[in-house]
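These notes are about the structure you will find just below.
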Amino acid sequence: MPLSTSHKLSRHPFASVIGRRIIIVLIIISSLITLTSTLIQLYSDYRKEVSSVETRFQELKDVHVESLTINLWEFNEHQLNIRLEGLVKLPDISFIRVTSATSNQVWQAGKEVTGDKMSQLIPLQYNGQDSSRFMLGQLYAESSSERIYQQLLQTFLSTLIVNGIKTFIVSGLILWVFQLSVNRRILRILNYLDHFLPNQPHKAIQLDQVPFITSEHDEISILALSVNQLSYNLNQLYAKIEAERDRFTDFANSASDWLWETDAEGRITFASEQMQAQLGITDNQTYSHKLTDLIPNRAMGEAIRQGHDFKSVEVRLNLHGEERNFIFHGAQVHPRSQAVSMRGSAIEITSRKRAEQALQELNETLEKRVVLRTLELEQSLHKLEITQSQLIEREKMAALASLISGIAHEINTPLGVAITAGMMLEPDSEEDPNYEAYKLMQANLQRVVRLIQVFKQTTAQNGQGRVEPVYVKQLLGDIIIGLQQKLQDKQINVQLTCEDNLNWPTITQSWVQIFHQMINNSIIHGFKSSDPSNNIAISIRETPDGLSICYQDNGQGMSQQELNKLFEPFHTSKRDSICIGLGMHIVYNQVSQALAGSIQTASKPGEGLKVMIQLPLLPETLSVGG
């Protein structure tokens, strides 16, 4: 039944279709059960009554036959009649008769049964003292079956009447309970749905609760909750549809492109504000114009008349005295009603046409193109020169590092001999006049040892070049902990920004040398004194091109002239100290040679030093060593 006709449903209990059907089914089932049980009971009562009559007949035979036989032997008619009158008054005995053996004499009492009856014929036999037997006659007894039938009929009718009354009362109560618990609440839900409007504020349905009959958790209440949820969802969906419609309308009206719609006869039924403004029509005039009249184009007009889709139909229009170019697209629509037959859009390509024309003119000016191409080649050549210079610099640094490492290797042997020989010349006591010379010689030899160790670090191939996956943040944390004492001496705070689970295949020893040298460079050259504001920031992140590292301190910085010589070997601003100027040269070699990356720096006096390193992904099978 449609929800719009829910008002036709009656609230009367007996008008409920489901209620009436339930009552009819209940009455039929109850009647069948009552009839079956009554028939079984009647059959049981019938068997009981028949058994009672048979018992009564057996009682006559066992108890009263002997007395009647004696009365008949003594021929005491008076006593015999008295006994017969007494026996006929017994229950279940309607007629009794005694007939002599010769059938000449008959004694009877009661009224002989004319209809259905039950009878018993009992012989009257006298037993003498000498065990002799004499047949004196017969005792005939009748019991009326009509009485049993009448009694059973009364029982049947009374049972049916009582059960009918009970069924009527129970059915009425069930119908009343059904009306309170189901019918009335369903009518409430139907009435709610009949008046539900999705564009109105949501108002939940409230069902009446009847104590001991209805519950907040029964099926109808759950149905009401589902209806409330459904109506709420419909309200939300309608609000979204309204918002999307408004959004589409805003897009259509604010877009520079045209959006249009026609009916089956080609008349415009919708046009975006931009289209209306440029064509000079209004909403009231849309139905009075045909699209083919406003947009005269043979191909598009033929497609609209035949209801065919079309794409990329170029149309030139004169709008307000200016030539404008458009590309029209259209598609056939198959709605439920035939009010709309075509929908489409139009894109203005005037700017593109002008650009194409300008490009054509540009192509015609070959000289300009040659000049432009020459300029591009010069720029490319400049980039190549820069790249070549960087490669030469890298090769120079690598060759220099190899040379220094070779020199260190060659000096290492005689240095070891000199240290051994010097130990053999050690004086026995400090009073020896050669003791100060010995100390001076040993100190310089140890300094040469340290220099040789530093020289060896300038080469990227140090025998520890196996590529293996490393947790970057953990590795840098270990390096920072190793330099913690030096950092605390100048109150330098190190900020490390890196993902905890960043695992990168690299050469561990190269990373140790790079960050150890950079942090040492900041400690020695970047920060003049101890200050709580001293800070080193290290940021590492993974990019599509590899790993990007940004190292920056807020120290004293350096000039551009000093920055240009930062990676040159043996260049240092503290020659008088233990510095020999190979720290950043080692960093450059490790980045460019061992890790195949690139390094850039930026600094200004008073603004600290910024080092940017870009590392590619190294294959884990790569091994660098000597």
Side-chain angles (χ1 to χ4, degrees), residues 30-169:
S30 177
S31 300
L32 290 175
I33 295 175
T34 301
L35 182 61
T36 302
S37 61
T38 303
L39 291 176
I40 295 173
Q41 183 64 37
L42 287 177
Y43 178 75
S44 176
D45 293 344
Y46 174 76
R47 295 300 305 166
K48 189 182 297 183
E49 291 294 332
V50 171
S51 176
S52 176
V53 172
E54 291 175 351
T55 301
R56 188 64 64 189
F57 286 162
Q58 188 64 34
E59 181 184 347
L60 290 177
K61 183 178 180 181
D62 296 338
V63 178
H64 301 287
V65 165
E66 184 178 357
S67 300
L68 293 175
T69 303
I70 294 173
N71 291 333
L72 187 59
W73 173 261
E74 294 176 352
F75 203 70
N76 188 348
E77 293 185 33
H78 178 72
Q79 188 65 28
L80 182 60
N81 288 326
I82 291 175
R83 286 187 176 278
L84 291 177
E85 290 293 337
L87 292 175
V88 83
K89 293 181 180 179
L90 292 175
D92 303 323
I93 301 298
S94 301
F95 175 73
I96 191 167
R97 180 177 62 204
V98 175
T99 305
S100 63
T102 59
S103 301
N104 293 332
Q105 292 180 316
V106 176
W107 298 272
Q108 63 183 19
K111 186 177 180 181
E112 191 171 358
V113 180
T114 57
D116 292 341
K117 59 186 176 180
M118 297 177 64
S119 60
Q120 180 76 34
L121 186 61
I122 304 171
L124 298 176
Q125 188 176 16
Y126 181 75
N127 298 322
Q129 294 181 356
D130 54 356
S131 301
S132 58
R133 296 181 178 180
F134 301 93
M135 180 61 67
L136 301 180
Q138 293 179 338
L139 174 63
Y140 175 75
E142 289 182 348
S143 178
S144 175
S145 297
E146 293 291 337
R147 179 187 60 79
I148 297 176
Y149 296 154
Q150 292 244 352
Q151 186 175 353
L152 293 178
L153 180 60
Q154 290 177 358
T155 303
F156 178 73
L157 293 177
S158 62
T159 302
L160 288 182
I161 291 173
V162 171
N163 286 326
I165 293 173
K166 290 194 297 182
T167 301
F168 176 78
I169 294 174

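- For the 3.5 Å distance criterion, the side chains of S94 and S144 fail to qualify, holding no donor opposite an acceptor.
- Judged by distance alone, the side chain of T55 and the main-chain N or O of S51 form a donor-acceptor pair under 3.5 Å.
- For the pair T36 (side chain) and L32 (backbone), a donor-acceptor distance under 3.5 Å is present.
- No side-chain heavy atom of Q120 sits under 4.5 Å from any side-chain heavy atom of K61.
- Between the side chains of E77 and N81, no donor N or O sits under 3.5 Å from an acceptor N or O.
- Remark: E112 CD is packed, more than 12 non-hydrogen atoms of other residues, nucleotides or ligands lying under 6.0 Å away.
- At least one donor-acceptor pair under 3.5 Å links the side chain of R56 to the backbone N or O of P91.
- One N or O on the side chain of T167 and one on the backbone of N163 form a donor-acceptor pair closer than 3.5 Å.
- Q108 and L84 make their closest contact through N-CD1, 3.9 Å (heavy atoms, listed as atom of the first residue, atom of the second, distance).
- A 4.5 Å side-chain heavy-atom check between Q79 and R83 finds at least one atom pair inside the cut-off.
- F95 places a side-chain heavy atom less than 4.5 Å from the side chain of R97.
- Between L42 atom CG and L153 atom CG the span is 9.0 Å, to the nearest 0.5 Å.
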